[in-house]
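Below is one structure; the comments refer to it alone.
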Amino acid sequence: MHFRPALAALATIGLALPAMAHDQDEVIMLAGISAAFSAANLVGEPEIVDCTLSGGAQTHCLSLTVRPEPTGYVPGPWCPTSASDGPDVSGIWLHEGRVYDADGSFMGQLATLFDDPAWQMVDPETGKIAVTDTKEKCAAAARPDVGAEYANTCVECLPEYLDPDLTVTYVIPFEPVTAQAPSPTQQAGSGVAFNGIRLDAPAPVDAILGAYTIAPFDDCGGHINLFVGYHYHAATDCIETGADTAEDHAAPVGLAMDGHAIFPALTEDQATAAALDACFGHSSDGLGYHYHAGPAGGNAILGCLTAQYGCVLEKGAETCDASQRRGPPPRD
Ligand SMILES: [Zn+2]
Ligand SMILES: [Zn+2]
């Protein structure tokens, strides 16, 4: 069997993958992939489907449908409601490479942090913080072109606002196909974690901050919008599996939308030694080409996608043609 980078991810979780003919090989891989996603909130069984990738390649893809909510923990919290709320009842914010506790104290310091007196998230008289506390407000405010009436509002969407039938389908090539040039992650996101949660593109923080809003992430780097449900903008230890290591690498945490495996973040020194490319990928003996998630504070799980990517299909869409597909409107 010729080497396939995505197989390395499966090998590291202890699956023996015998050499077989192409399609049987994919069936075996499918079983391994199903095992890898055993902690995900799967809807039905993963399938092999025909797909057209972003660069026009027609190939076979893994199709995986999930409910976009984690099974291993309860998401949140996100917004503090008063200046005295501490980090235990608040999420985090990512700014210039740092992870901040987005607690009441942080919300009171935004004018200083962003050097802009128009920030006044904490009411100076009551100490209260305005929060999007209904589904309607979350729908209106959890988007980059939020209305001015939401200025100085902390934006959060709660799990109970989600359509109980909301599902997301990932269509990811079994075997990565070379692209003419790397692609930004904005179209299809970065990938999917093995717990079934979307590893998204960077949060559009400039648009969010430009509206004088903050949409914190929980301590796992996730938050909710009504379209894709709970999703990550940072890869944290919440998605590390603690499984066996391979090639001096911790176990992979998910699959990128181009079919390459994503491994946990490296320290700065390790990343320098690994000579990661702009997409945060590199090749190593035994693992082939793979990615390492960016550091949590960087608001980029991947820098870009090296190979042709597949699709994230929201409910109702059936087939993946990433070469034709125009993405959803920008949103957080
Ligand atoms: Zn590596
Ligand atoms: Zn988001």
Side-chain angles (χ1 to χ4, degrees), residues 5-6 8-9 11-12 68-70 75-76 78-79 91-94 102 132 138-139 141-144 146 154-159 161-162 168 185-186 188-190 192-193 197-209 211 213-218 220-236 240 245-254 256 260-277 279-296 299-303 306 312 327-332:
T12 59
E69 54 195 35
W78 294 279
C79 289
I92 60 172
W93 186 247
L94 315 173
T132 53
C138 117
R143 43 191 291 171
V146 52
C154 188
V155 177
E156 68 179 11
C157 295
L158 299 178
Y161 301 161
L162 293 176
V168 179
T185 55
Q186 268 74 13
S190 297
V192 56
I197 300 302
R198 179 181 174 93
L199 298 165
D200 212 344
V205 290
D206 289 348
I208 297 168
L209 298 177
T213 61
I214 284 228
F217 317 100
D218 65 12
C220 288
H223 65 183
I224 288 172
N225 74 40
L226 299 179
F227 304 95
V228 299
Y230 183 71
H231 58 278
Y232 294 126
H233 290 289
T236 69
E240 292 179 13
T245 61
E247 306 291 326
D248 294 328
H249 277 62
V253 295
H260 289 301
I262 304 175
F263 285 77
L266 298 173
T267 65
E268 217 174 305
D269 287 348
Q270 287 171 331
T272 304
L276 297 182
D277 62 24
C279 296
F280 307 163
H282 72 148
S283 294
S284 68
D285 290 346
L287 293 179
Y289 185 87
H290 59 274
Y291 299 110
H292 287 274
N299 184 29
I301 293 173
L302 296 183
T306 307
V312 178
R331 60 206 178 201
D332 187 43

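Note that ligands are numbered from 1 as they come in the structure, with each ligand's atoms numbered from 1 the same way.
With ring centers used as reference points, Phe217 lies under 6.0 Å from His223.
For the pair Leu199/Tyr291, no side-chain contact is recorded, criterion being any heavy-atom separation below 4.5 Å from C-beta on.
Within His231, NE2 is the N, O or S atom that lies nearest to the Zn ion (ligand 2). Minimum-distance N/O/S atom of His249 relative to the Zn ion (ligand 1): NE2.
Expressed to the nearest 10°, the angle at the Zn ion (ligand 1) joining NE2 in His292 with NE2 in His290 is 110°. Rounding to the nearest 10°, we obtain 100° for the angle at the Zn ion (ligand 2) between His233 NE2 and His223 NE2.
Between Phe263 and His292, the angle of the ring planes lies from 30° to 60°, which puts this pair in the tilted group.
For the residue pair Leu94 and Ala234, the shortest heavy atom distance occurs at CD1-CB, 4.3 Å.
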